[in-house]
There are 2 protein chains.
Amino acid sequence: MKNERTIDEIDHSILEILQEKARVPNAEVARQVGMAPSAVLERIRKLEDRGFIEGYEVRLNPVEFDQGLAAFVHIRVLPHANGALAAKLTEVTGVQEVHQVAGEDGYLLKLRVADNVELGTILRDELMMLDGVESTRTSIVLNTIKETRKIDLNR
Amino acid sequence: MKNERTIDEIDHSILEILQEKARVPNAEVARQVGMAPSAVLERIRKLEDRGFIEGYEVRLNPVEFDQGLAAFVHIRVLPHANGALAAKLTEVTGVQEVHQVAGEDGYLLKLRVADNVELGTILRDELMMLDGVESTRTSIVLNTIKETRKIDLNR
DNA sequence: ATAGCTTCAGAATATAATTCTGTACCAAGC
DNA sequence: GCTTGGTACAGAATTATATTCTGAAGCTAT
């Protein structure tokens with residue numbers, strides 16, 4: 001019996017096409033991989049069912065929505081800090097990512113905000129107010145050279 | 001004449017629906033916002049044309065593609081470093097993001113790799129080999145609590 | 001060999017996107 | 001106040017696309 005947890009070259013091709021442009025018609029994908037649309041659709045459905053494909057997203061332009069400034073904030077946590085801190089961090093204004101990191105015994109946040117003023121306000125009035133936060137170190141992004149979620153399928 | 005660079009409450013609603021689930025049928029969006037499908041489509045096209053919507057993406061499950069480990073790498077750059085460094089960084093294996101950051105005079109990278117072994121290899125054989133790199137500091141992600149690109153439209 | 005399973009193509013069908021047309025609305029200029 | 005030009009919208013008509021269905025082919029284990 002075929003292993004249901006592997007993907008073959010055709011799946012690879014399909015996913016590469018979808019990673020380039022998620023809104024390409026099925027028939028077009030089928031043409032590119034040389035199969036019938038129905039077969040391609042069946043494969044995509046299976047990739048979804050098996051969890052290889054998690055979902056489909058729209059990507060908005062942050063600048064147009066007053067979120068032109070990105071920043072990373074390292075948060076050092078006090079010993080014996082409340083476990084609820086992580087959940088609180090996800091609720092902070094502008095926070096898009098919360099990662100628990102090793103080495104620093106803390107969290108790394110990615111934020112999108114309007115400008116330095118808003119960032120300062122958030123740091124002062126929201127982050128520093130949370131129980132368990134010992135200190136923060138902020139890296140302001142001057143320029144984003146690359147930002148993608150694409151996964152390199154060829155390795 | 002109406003300002004072509006603003007979006008109204010209806011656009012907001014549409015974008016919120018799309019941010020929840022990018023693959024919702026037009027007619028369903030229309031129903032939710034109480035308009036005709038043709039009108040909704042017209043609005044979406046304009047949002048695309050004006051650059052508010054940058055594109056549509058498929059989100060793959062990194063774990064299934066042997067990229068279960070995330071890491072952030074701060075790179076400190078030597079004075080007078082070659083300007084080509086940034087471009088080189090984007091080509092490094094597993095690199096999804098490259099941000100030029102203030103304060104540290106360097107770059108912040110986000111990587112997705114299979115495991116610690118691969119991460120070590122990349123740091124040693126790829127990153128440290130690049131001209132202009134003075135030092136690196138790596139934060140290994142133990143647990144990602146939140147990771148989204150959604151933009152809060154209500155501010 | 002053959003039963004059981006998967007994959008696929010191609011046709012048939014269902015659903016959705018897109019185009020088209022006319023109307024209403026609003027603002028600017030006369 | 002009237003007209004012109006532009007935008008937004010609904011609803012119908014059309015086109016494109018997705019989905020379902022069926023049968024055939026291939027593969028594997030027995």
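No experiment lies behind these values; they were computed from the predicted model shown. Below, each value reflects all heavy atoms present in this structure, side chains not excepted, and no hydrogens, waters or symmetry copies. Chain naming here is simple, since letters A, B, ... match the order of the sequence lines and numbering starts at 1 in each.
- Whole-Å rounding puts the A/I10 CD1 to C/dT7 C1' distance at 9 Å.
- The overall bend of the helix from C/dA1-D/dT30 to C/dC30-D/dG1, read as the angle between its terminal helix axes built from five base pairs each, is 30° when rounded to 10 degrees.
- Among residue pairs with one or both ends in residues 121-143 of chain B, those qualifying as side-chain hydrogen bond (donor to acceptor under 3.5 Å, both in side chains) are B/T93-B/E126; sequence neighbours excluded.
- Following rounding to the nearest Å, A/I44 (CD1) and C/dT7 (C1') show an atom-to-atom distance of 15 Å.
- Counting side-chain heavy-atom gaps under 4.5 Å among Ile, Leu, Val, Met, Phe, Trp and Tyr, the cluster of A/V101 also holds A/F72, A/L108, A/V141, B/F72, B/V101, B/L108, B/V141.
- Scanning for side-chain contact (heavy atoms from CB on, under 4.5 Å) contacts around A/K150 gives A/Q19, A/E20, A/T148, with sequence neighbours left out.
- Summarising the geometry, the separation between CG on A/D8 and P on D/dG26 is reported as 18 Å, rounded to the nearest angstrom.
- Applying the side-chain hydrogen bond (donor to acceptor under 3.5 Å, both in side chains) criterion to A/E48, with sequence neighbours excluded, gives A/R45, A/Y56.
- What separates CD1 of B/I14 from P of C/dA17 is a distance of 13 Å, to the nearest Å.
- Per the geometry, CE belonging to A/M35 stands 4 Å off P belonging to C/dC8, to the nearest Å.
- Judged as a side-chain hydrogen bond (donor to acceptor under 3.5 Å, both in side chains), the pairs with a partner in residues 64-78 of chain A (not counting sequence neighbours) are, in order, A/Q67-B/R155, A/H74-B/H74.
- Here the closest heavy-atom approach between residue B/L130 and residue B/V92 is recorded as CD1-CG2, 4.2 Å.
- With D/dA10, D/dA8, C/dT7 as the choices, the nucleotide that has an atom nearest any side-chain atom of B/A36 turns out to be D/dA10.
- By the salt bridge (charged side-chain N to carboxylate O under 4.0 Å, His left out) test, B/R59 pairs with A/E54, A/E57, sequence neighbours left out.
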Quiz item: Can you give one letter per nucleotide of nucleotides 15-21 of chain D, going 5' to 3': B for a protein heavy atom under 4.0 Å from the base, S for sugar-phosphate only, - for none?
Solution: --SSBB-

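- Residues satisfying the salt bridge (charged side-chain N to carboxylate O under 4.0 Å, His left out) criterion with B/K46, sequence neighbours excluded, are B/E42.
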